[in-house]
Amino acid sequence: MSDKKVSMEDIVSLCKRRGFVYPGSEIYGGEAGLYDFGPYGVELLNNIKKSWWRANVQLKENYVGLDSAMFKNPKVWEASGHVGGFSDPLAECKKCNTRIRVDKELEKVGVTADEKMSEAELNKLFDENRDKIKCSNCGAHEFSEVKAFNLLVKSNLGDFTGAGDRPVYLPGEACQGIYLNFKNIVDTTRMKVPFGVAQIGKAFRNEISPRNFLFRTREFEQADTQFFVPPHQNKENYQRIKQERWDWYVNELGIEEAKLHWKKHDNLVFYTKEAWDIEYDFPSYGFDEVEGIHDRTDYDLSQHTKFSGTDLNYTDPHAGEKYIPWILETSMGMGRIFLAVMSDAYTVEDKGDDSRTVLKLKPELAPVKAAIFPLLKNKPELVAKAREVYQMLANEMQCEFDDNGNIGKRYRRQDEIGTPSCIVIDFDTLEDDTVTVRDRDTTEQKRIKISELSNLLNN
RNA sequence: GCGAGAUUAGUAUAGUGGUAGUACGCUUGCUUCCCAAGCAAGAGACACGAGUUCAAUUCUCGUAUCUCGCACCA
């Protein structure tokens, strides 16, 4: 038995074929950078979220969860720097296609250009000064129009006239909701610094070029934790958090450790002290980021104090000392994790002329925990008994009933969606209430009492 | 967003200026006492729009989506 090399196309094909992931708005010709999770996809996704929540909220005494509104006061995005810094006005050289930053080039020739200016205003300034600006690459003066690439997605909440006087944004990152509620959580719960807040939320970005399946999408989900610590107590916590996150991938998601590595950021934004990514070795793409772990100092709460006018200082209950807490962040892309989990589980066993595709998911993550089959579909007593067992187990876990075709086909179908156990009702079942349980990975079966099924499967 | 390439059923693919096969999958029936078995039947596709043409899935142009480079990437 040897495993074939897996490409991303194999994963994409399986995702579509088996109902894990569909291209967004497909019947209308699709929409770039959007994907829908199908029946099995949503189960897997929810199981990943459940595992993450358990590790980051349930099992941690000093972490609490949150779910903040996606729409926020527009000033939030000014404070976060997204409105200003998330936008680059660009023009393109017609000769060599090199892009220039229009605001920077204008400033070089002594013209003040505000990056908050509208496209029309920037174009007017640009047109007036085109002669003075040349392409940094080939020296030509021929440029396309200015386009502002702000990654924030605008919306029109409460803007009934469409005039856009007060632009609102979909979240460019999910974590801002945590900063906004820091004071609420301190005031209404018994959390004391150091403590953490966890949230799973959607984020939207006008990616110029969404690509690589679920890896870079325009709408995506993030799972973030923000850990608030007293100033300068970042180092020791940072190490602990790094370790905890690594362990989650290995122990809880069951990802092969050799497929993971750390990558340190060399070019840090000014407020970040340290930043490491966990990268996964994706088929076809190679290593790329699935989660970032950032030491963000007091930047976020300071900014929100400044922009909101609300004092976000924390008063230490023992020492009475006041300070803006520092933040250690973990931020994971849910779609990327989904893709990593799928890639890691995807296995093709080559057995000569026969081959078997198996999703070797950790049982906790599997979309379907158990599939129940009657050995033969034309024996009503077997079908009835199988339905009975199915009803019993469906109370406790995600199950599937299948009497289609022959038993081998049903096994293979379940293998491909990663179902850990297949339960078969045969003639012996009718005599002594035992069934066979077939293991996904070994394909071996053992016979057990129906009354012991639940126990076995739950372990 | 630029450049290049691609797009035929759910998936993977063949093929043609006179509207299309194959494999697997799917549905139904029969059969079958455990690993994609067998028999029979069935549903299902030329991405979208325009042009050329007597006739376009095929040629041309545009659009969309995907892939690969570039660029971008809190």
Side-chain angles (χ1 to χ4, degrees), chain A residues 7-10 12-19 22-35 38 80-82 84-88 90-101 137 144-145 147-149 151-152 172-173 175-176 203 205-213 215-216 222 265 267-272 275 277 284-285 288-289 292 294 296 299-300 329 331 333 351 353-357 373-379 382 404-416 422-430 435-440 442-445 447:
Chain A
S7 77
M8 190 48 78
E9 278 162 16
D10 298 328
V12 175
S13 168
L14 176 83
C15 281
K16 176 74 194 293
R17 187 156 38 92
R18 289 302 186 190
Y22 308 125
S25 309
E26 197 181 10
I27 63 169
Y28 283 93
E31 185 68 21
L34 300 173
Y35 290 91
S80 70
H82 285 80
F86 223 39
S87 156
D88 297 332
L90 298 177
E92 195 163 295
C93 172
K94 284 185 175 171
K95 279 198 177 154
C96 68
N97 292 331
T98 299
R99 291 176 154 205
I100 59 160
R101 276 284 296 269
N137 183 41
S144 66
E145 288 203 331
K147 287 203 167 163
F149 291 101
L151 295 182
L152 283 180
E173 60 185 17
C175 62
Q176 292 297 327
R205 291 180 191 178
N206 272 319
E207 293 288 353
I208 293 168
S209 161
R211 209 168 273 192
N212 296 349
F213 195 40
F215 192 81
R216 176 168 297 136
Q222 294 181 305
H265 280 230
N267 299 320
L268 296 172
V269 283
F270 66 93
Y271 56 84
T272 305
D277 291 340
S284 306
Y285 316 153
D288 217 330
E289 177 185 1
H294 310 123
R296 295 173 68 96
Y299 177 77
D300 302 289
E329 170 189 66
S331 181
K351 309 171 178 174
D353 36 342
D354 190 20
S355 79
R356 186 173 81 114
T357 304
F373 312 146
L375 180 61
L376 300 172
K377 77 186 289 193
N378 62 352
K379 298 287 184 285
L382 290 182
N404 190 34
N406 67 75
I407 196 107
K409 283 189 178 190
R410 300 180 219 150
Y411 283 145
R412 296 303 176 94
R413 188 213 308 263
Q414 296 298 330
D415 287 341
E416 226 177 26
C422 291
I423 294 152
V424 174
I425 280 68
D426 58 19
F427 293 100
D428 290 349
T429 311
L430 302 176
V435 294
T436 61
V437 178
R438 178 261 198 186
D439 180 84
R440 176 193 69 197
T442 64
T443 76
E444 281 163 11
Q445 29 184 331
R447 181 162 280 278

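Computed from a predicted structure; not experimentally measured. Hydrogens, waters and symmetry mates are skipped; everything else that's a heavy atom, side chains included, is used. The chains referred to below are lettered A, B, ... by the order of the sequence lines, with proteins before strands, and numbering in each begins at 1.
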Exercise. Side chain of E173(A): nearest nucleotide among A74(B), U32(B), C35(B)?
Worked result: A74(B)

Exercise. In B/S/- notation, 5' to 3', how is nucleotides 64-69 of chain B contacted by protein heavy atoms closer than 4.0 Å?
Worked result: SSSSBB

Exercise. Can you give the dot-bracket line for RNA chain B, where a pair is Watson-Crick or G-U wobble with both atom distances under 3.5 Å, crossing pairs use [ ], and | marks a partner on another strand?
Worked result: (((((((..((((....[..)))).(((((.......)))))....(((((..]....))))))))))))....

Problem set entry | Value in whole Å for how far the C1' atom of A74(B) lies from OH of Y299(A) | 9 Å

Exercise. Which pair of non-hydrogen atoms, one from G292(A) and one from E289(A), has the smallest distance, and what is that distance?
Worked result: N-OE2, 3.6 Å

Exercise. Rounded to whole angstrom units, what separation is found between the CG atom of D10(A) and the C1' atom of U13(B)?
Worked result: 15 Å

Exercise. Can you tell me how far P of C26(B) sits from CZ of R18(A), to the nearest Å?
Worked result: 6 Å

For this session: May I ask you to decide if N404(A)'s main-chain N or O and R410(A)'s side chain share a donor-acceptor pair within less than 3.5 Å?
Result: yes

Exercise. Considering only the C1' atoms, how many Å lie between G15(B) and G21(B), rounded to the nearest integer?
Worked result: 8 Å

Problem set entry | Under-3.5 Å donor-acceptor pair between R410(A) side chain and C35(B) base | no

Seminar exercise, completed: For F373(A) and I407(A), the nearest pair of non-hydrogen atoms, with its separation, is CD1-CD1, 4.0 Å

For this session: Give a yes or no on whether a donor-acceptor pair under 3.5 Å exists between the nucleobase atoms of C34(B), that is its base, and the side chain of T436(A).
Result: yes

Exercise. Would you say the base of C35(B) and the side-chain of D415(A) have a donor-acceptor pair closer than 3.5 Å?
Worked result: no

Exercise. Taking C-beta and beyond as the side chain, do Y35(A) and C15(A) meet within less than 4.5 Å on heavy atoms?
Worked result: no

Exercise. Does S80(A) or E26(A) map to a spot on RNA chain B nearer the 5' end, using the closest nucleotide for each?
Worked result: E26(A)

Exercise. Within a strict 4.5 Å, meaning less than it, do heavy atoms of the T443(A) and Y411(A) side chains meet?
Worked result: no

Exercise. Quick one: does R356(A)'s side chain get under 4.5 Å of R412(A)'s, heavy atoms only?
Worked result: yes

For this session: Take V424(A) and R438(A), measure what side-chain contact (heavy atoms from CB on, under 4.5 Å) needs, and give me the verdict at the end.
Result: CA-CA 8 Å; V424(A) 174; R438(A) 178 261 198 186; 6.0 Å; no

For this session: Report yes if the side chains of M8(A) and F215(A) come closer than 4.5 Å at any heavy-atom pair, otherwise no.
Result: no

Problem set entry | Distance between C1' atoms of C30(B) and U67(B) (Å, rounded) | 45 Å

For this session: Can you tell me, in whole Å, how much space there is between the C1' of C66(B) and that of A56(B)?
Result: 24 Å

Exercise. Would you say a side-chain N or O of N406(A) is under 4.0 Å from OP1 or OP2 of C34(B)?
Worked result: no

Problem set entry | Nearest-Å distance once atom P is located in both C46(B) and A20(B) | 11 Å

Problem set entry | Between U11(B) (C1') and Y22(A) (OH): distance, integer Å | 13 Å

For this session: In whole angstrom, give the distance that lies between atom CG of D277(A) and atom P of C73(B).
Result: 15 Å

Exercise. What's the closest nucleotide to the I407(A) side chain, out of U31(B), C34(B), A36(B)?
Worked result: C34(B)

For this session: Look at all strands and tell whether T272(A) reaches a base, only sugar-phosphate, or nothing, counting heavy atoms closer than 4.0 Å.
Result: nothing

For this session: Take atom NE2 of H294(A) and atom P of A74(B), then tell me their distance rounded to the nearest Å.
Result: 9 Å

Exercise. Does the side chain of I423(A) come within less than 4.5 Å of I425(A)'s, by heavy atoms?
Worked result: yes

Exercise. Looking across every strand, which nucleic acid part, if any, lies under 4.0 Å from S13(A) by heavy atom: base, sugar-phosphate, or nothing?
Worked result: sugar-phosphate

For this session: In whole angstrom, give me the gap between the C1' atoms of A41(B) and G5(B).
Result: 42 Å

Exercise. Which atom names give the shortest non-hydrogen contact between R205(A) and G172(A), and what distance separates them?
Worked result: NE-O, 2.9 Å

Problem set entry | Given C35(B), G25(B), C72(B), the nucleotide with the shortest approach to the side chain of K409(A) | G25(B)

Seminar exercise, completed: From the list T429(A), T436(A), D426(A), side chain to side chain donor-acceptor pair (under 3.5 Å) with R447(A) holds only for D426(A)

For this session: Go through C35(B), C73(B), C26(B) for me and flag the one nearest to the Q445(A) side chain.
Result: C35(B)

Exercise. Under 4.0 Å between a side-chain N/O of R17(A) and OP1 or OP2 of C24(B), yes or no?
Worked result: no

Exercise. Which whole number of Å gives the distance between the P atom of G25(B) and that of C39(B)?
Worked result: 13 Å

Problem set entry | Span that lies between the P atom of U52(B) and that of A12(B), in whole angstrom | 35 Å

Exercise. Rounding to a whole Å, what distance do you find between R447(A):CZ and C33(B):P?
Worked result: 15 Å

Exercise. Does K16(A) have a side-chain nitrogen or oxygen under 4.0 Å from the phosphate oxygens OP1 or OP2 of U11(B)?
Worked result: yes

For this session: Send over the distance from R216(A) CZ to C70(B) C1', rounded to a whole Å.
Result: 13 Å

Exercise. Given side chains that start at C-beta, do those of E329(A) and T272(A) come closer than 4.5 Å, heavy atoms only?
Worked result: no

For this session: Between U22(B) and A43(B), how far apart are the P atoms? Round to whole Å, please.
Result: 13 Å

Exercise. Where the side chain of E416(A) is defined as all heavy atoms beyond and including C-beta, which of C72(B), A36(B), U31(B) is the nearest nucleotide?
Worked result: A36(B)

For this session: Identify whether any heavy atom of N404(A) sits under 4.0 Å from a base atom; if not, whether one sits that close to sugar-phosphate; answer base, sugar-phosphate or nothing.
Result: sugar-phosphate

Exercise. Do E207(A) and C73(B) share a donor-acceptor pair, side chain to base, under 3.5 Å?
Worked result: no

For this session: Please evaluate the base of C35(B) for a donor-acceptor partner in the side chain of R356(A) within a cut-off of under 3.5 Å?
Result: no

